[in-house]
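Heads up: the structure comes next, in structure tokens.
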Protein chains: 2
Amino acid sequence: MSARQVELIELAESLIENFGLEAFSLGNLAKKANIRTPSLYKHFSSLMELEHIIISRGFLRFAKDLNHVIETAASDSDEDNIAALAAAYRAHALAHPQIYRLMTERPLDRALLIPGSELAAMDALLQYFDETPEQHDRARAAWAAAHGLVSLEISGRFPPGANIAGAWGVFIEAFSR
Amino acid sequence: MSARQVELIELAESLIENFGLEAFSLGNLAKKANIRTPSLYKHFSSLMELEHIIISRGFLRFAKDLNHVIETAASDSDEDNIAALAAAYRAHALAHPQIYRLMTERPLDRALLIPGSELAAMDALLQYFDETPEQHDRARAAWAAAHGLVSLEISGRFPPGANIAGAWGVFIEAFSR
DNA sequence: GGCATGAGGCTAATGCTATTAGCCGAGCTG
DNA sequence: CAGCTCGGCTAATAGCATTAGCCTCATGCC
């Protein structure tokens, strides 16, 4: 991955976060980079490829974030651990809401992802749970609940004045023990 | 709403479900209707308007579905009721996955919705819970969890072989009582 | 019966999107 | 110095939403 490529990827990421996922286009990226649209094809074979690089980087950053929290906040209390993980999940998603949307809303072509990036995010998320099949179900239900809470919040689906932290509290309590 | 309008709306809905949300465009709709694209503007003022009509109809159909289940399956057991609601939620979303995506993934312009449609879906979903603030949090957490489970399933994010029904079971058990 | 009106088509055109082909200059490397 | 590669460029295509303006047919009204 050349330096110029990384430059353009970061430009694209800032474009997405600052102007919304809907503004993500090669035309807008080229404009921000002060080059013509077709020149972008010297660095990426297609929009899909660039998109999946950004998604992969999102997965990896997500994994790093969660792993950091898990390492520094490991407590004896099950509820504390779940709460810390939940808080980290929400904080990360709300810090990068448009890229979170990109990561979760688009049909995923796994052949275009940076190998292992999706798994890294999953592992970071699920490592807290044991390896029994029953715990796998529990892990996936918890993941889904966190994703649902975050995704409804990002897309503004909770009524104004809704106590979102309260809903997170219910979720944490329901999944502790 | 003229008969021709309804005809075109239903054509658009079948287009979305049969060819995926990504295939939803005025060009494709016009092709299926055997007319030219600009003629669609005799019936809808913009793509956004048509999109929000379809979203509204999705909300209303969702509400009808859930209300029906709640009326016919009311049981004394809290867990049975939650399970019936959860099953209905999942069944509905999986029966109309692409329109469910349209309903939940797009930025919502509430001024363009059929008035009351979003609320109808919310009410159907939340009427099972009491009116106390604490129960509101519980209702929203449950809603988010169901949405998360369905949205991850539709977008193929669970690993192959994952026991999705098992995850739903964990969710139902966690939210019963 | 004739006439106006509206519904619902149409074509042409604009400016956006991704994408491909092909050209050109600058800089490094043999 | 020759040549290659990197990274720009223009021109062009096809599809996208959208607007303006034209035409035709059916309906209702005088």
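Sequence lines set the chain letters: A, B, ... in the order given, protein chains first and strands last, and positions in each chain run from 1. Being a predicted model, the structure only gives us computed values, none of them experimental.
Nearest to the side-chain atoms of N28(A) among the listed nucleotides dT19(C), dT17(C), dA17(D) stands dT17(C). Counting only heavy atoms from C-beta on, R4(B) has its side chain closest to dG8(C) among dA11(D), dG8(C), dC10(C). The side chain of T37(A) approaches dT19(C) more closely than any other nucleotide in the set dC10(C), dT18(D), dT19(C).
Rounding to whole angstrom units, CD1 of residue I35(A) and C1' of dG7(D) are separated by 8 Å. Rounding to whole angstrom units, OH of residue Y41(B) and P of dA20(D) are separated by 12 Å. If you take CG of L26(A) and P of dT19(C), they are 6 Å apart, rounded to a whole angstrom. Across the protein-nucleic acid pair, R36(A) atom CZ and dC23(C) atom C1' stand 16 Å apart, rounded to whole Å. The distance between atom CG of L29(B) and atom P of dC16(D), rounded to the nearest whole Å, is 11 Å. Atoms CD (Q5(B)) and C1' (dA7(C)) sit 12 Å apart, rounded to a whole Å. Across the protein-nucleic acid pair, E7(B) atom CD and dA7(C) atom P stand 16 Å apart, rounded to whole Å. One interatomic measurement links the two molecules: CG of L50(B) to C1' of dA17(D), which rounds to 12 Å at whole-angstrom precision.
Linking ILVMFWY side-chain heavy atoms closer than 4.5 Å, directly or via other members, places I16(B) and F19(B) in a single hydrophobic cluster.
Not one side-chain nitrogen or oxygen of S39(A) sits closer than 4.0 Å to the OP1 or OP2 atom of dG7(D). Applying the 4.0 Å criterion to OP1 and OP2 of dC6(D), one finds that H43(A) has every side-chain N and O outside that range.
Open room surrounds CD on E134(A); 12 or fewer heavy atoms of other groups in view lie less than 6.0 Å from it.
Between L47(B) and K42(B), it is L47(B) whose nearest contact on DNA chain D lies nearer the 5' terminus.
No hydrogens or angles considered: a donor-acceptor pair under 3.5 Å links the side chains of H147(B) and S151(A).
Electrostatic pairing of R140(B) and E153(A) does not count as a salt bridge here, judged by no charged N lying under 4.0 Å from a carboxylate O.
Counting non-hydrogen atoms under 4.0 angstrom, S25(B) reaches the backbone sugars and phosphates but no base.
When ring centroids are compared, F59(B) and H52(B) stay outside the 6.0 Å threshold.
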